[in-house]
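Right, one structure below, let's go through it.
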Amino acid sequence: MSAALDSLLDLLDLEQIERDIFRGTSRSAVVPRVFGGQVAAQALVAAGRTVPADRAAHSLHAYFLRAGDPGAPIVYSVDRIRDGKSFTTRRVVAVQHGQPIFHLSASFQSHEDGLEHQADMPSSPDPETLPTAAEMLPRYADRFSDPGMVDRLVEARAAVDLRYVDAPPFGTVGEAREPRSQVWFRTNGKLADDPLLHVCMATYVSDMTLLDSVLLAHGRGGWAVGDVVGASLDHAMWFHRPFRADEWLLYDQESPSASGGRGLGQARIYTADGRLAISVIQEGVVRVPR
């Protein structure tokens, strides 16, 4: 296991300070606020620790309310909304400096057999043939006004091996492209067999690139380039089938709409053998600086 992955796992291992109350810490991110995927993953960890082990997370719905302060702890308060015969529902509020910064509702279900169908996996190259972040990012160093940006981006991705199928938004600034993007990802090391851990890790990664397709449609390079400003507004995920976050997953993303200073991204995450594991939708603020 890489040191970066070990550090991320420590970040997700929340401290329980009271029944249904947990505390988490943060680490530096590319932008001077807490990374949204971290807050979402930690909130799901908090919810999952109040649920019977035989009930797996099947959906989450979340709102990002305020920017998180990476220098302060985050307190997660869990509300046990419902414990039914098949489903368990939890609500989590993340608080910093006395104010809510994030709200999550999550649902968990005991195993059931039922009807089966899924959308086919799109074509994509073998991830092993694609460059790693450490290999790819230095190629675009001239796109960033901040000379330390490449190092920060590489560090932010050190726990996860994330590989773009095509050039990222900052690789084709000024060139409008089809609003679609694909990345392959897996953790940089093996994880324990706890299903909740794999779901939380996928939640963490899901916030990294989902709005890329919005940027591609307008030839924008993104937050690191500085030709847009923005943040995640809301995030929803549905976990359809078991998967491992330490094995290759294809994140197939697209944007059907942008308007009113907001952009919508939607995606499907497939296992390498073609099983649809997760569906994701996110809306974010995407503004052109004045």
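Residue pairs meeting the ring-ring contact (aromatic ring centres under 6.0 Å, His included) criterion with at least one partner in residues 175-213, sequence neighbours excluded, are Phe35-Tyr204.
Remark: Arg268 pairs with no residue by the salt bridge (Lys or Arg N to Asp or Glu O under 4.0 Å) rule, at least two apart or across chains. Taking Phe102 as the reference, Phe64 meet the ring-ring contact (aromatic ring centres under 6.0 Å, His included) condition, with sequence neighbours excluded. For the ring-ring contact (aromatic ring centres under 6.0 Å, His included) test, no residue two or more places apart in sequence or in another chain qualifies with Trp248. Applying the side-chain hydrogen bond (donor to acceptor under 3.5 Å, both in side chains) test to Thr50 and every residue at least two apart in sequence or in another chain returns Arg90.
From Leu11, atom CG reaches atom SG of Cys200 across 12.0 Å, with rounding to the nearest 0.5 Å. To the nearest 0.5 Å, atom CG of residue Leu60 and atom NE2 of residue His235 are 6.5 Å apart. Between the CG atom of Leu44 and the CE atom of Met237 there is a distance of 8.5 Å, given to the nearest 0.5 Å. Atom OG in Ser279 sits 10.0 Å away from atom CD in Gln118 (nearest 0.5 Å).
Taking each heavy atom of Gly68 and Ile101 in turn, the nearest pair found is CA-CD1, 4.1 Å. Nearest heavy-atom pair across Ala57 and Phe239 is O-CB, 3.6 Å. Scanning both residues, Thr25 and Gln38, for their nearest heavy atoms gives O-NE2, 3.2 Å. Shown here for Leu276 and Arg241, the closest heavy-atom pair between the two residues is O-NH1, 3.0 Å.
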(message) Between Asp20 and Arg49, does the salt bridge (Lys or Arg N to Asp or Glu O under 4.0 Å) criterion hold? Intermediate values first, please.
(response) CA-CA 8 Å; Asp20 298 343; Arg49 288 188 177 176; over 6 Å; no
(request) Test side-chain hydrogen bond (donor to acceptor under 3.5 Å, both in side chains) on Ser86 and Gln109 and set out the steps. (result) CA-CA 6 Å; Ser86 300; Gln109 181 189 16; over 6 Å; no
(request) Please step through side-chain hydrogen bond (donor to acceptor under 3.5 Å, both in side chains) for the pair His58 and Ser107, ending with a clear verdict. (result) CA-CA 6 Å; His58 75 86; Ser107 185; 2.7 Å; yes
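Inspection of the Thr271 and Glu247 side chains reveals no N or O donor paired with an N or O acceptor under 3.5 Å. Inspection of the Thr88 and Arg55 side chains reveals an N or O donor paired with an N or O acceptor under 3.5 Å. For the residue pair Ser232 / Asp207, a side-chain donor-acceptor distance below 3.5 Å is found, with atom types taken as modelled.
At least one side-chain heavy atom of Arg19 sits less than 4.5 Å from a side-chain heavy atom of Arg80.
Residues Glu254 and Arg177 are not paired through a salt bridge, judged by the lack of any N-O separation under 4.0 Å between the basic side chain and the carboxylate. Note on Asp69 versus Arg33: no salt bridge recorded, every NZ/NE/NH1/NH2 to OD/OE distance being 4.0 Å or above. In this structure, Arg23 pairs ionically with Glu15, as a charged nitrogen and a carboxylate oxygen lie closer than 4.0 Å.
Side-chain N or O atoms of Asp246 include one that pairs as donor or acceptor with a backbone N or O of Leu191 at under 3.5 Å. Under a 3.5 Å cut-off, the side chain of Thr203 and the backbone N or O of Val199 do form a donor-acceptor pair.
One hydrophobic cluster, built from ILVMFWY side chains closer than 4.5 Å, holds both Leu8 and Val34.
The environment of Asp126 atom CG is dense: over 12 non-hydrogen atoms of other residues, nucleotides or ligands sit within 6.0 angstrom.
Each of Leu162, Asp166, Val183, Val165 was checked for a side chain to side chain contact (heavy atoms under 4.5 Å, CB included) with Leu130, and the lone residue meeting it is Val165.
In summary, the aromatic rings of Phe87 and Phe108 are positioned with their centroids too far apart to meet the 6.0 Å limit.
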Can I get a per-line list of side-chain donor-acceptor pairs under 3.5 Å for residues 132-142, giving both atom names and the distance, sequence neighbours left out?
| unit_1 | atom_1 | unit_2 | atom_2 | d |
| --- | --- | --- | --- | --- |
| Thr132 | OG1 | Glu135 | N | 3.3 |
| Thr132 | OG1 | Glu135 | OE1 | 3.4 |
| Glu135 | OE1 | Thr132 | N | 2.9 |

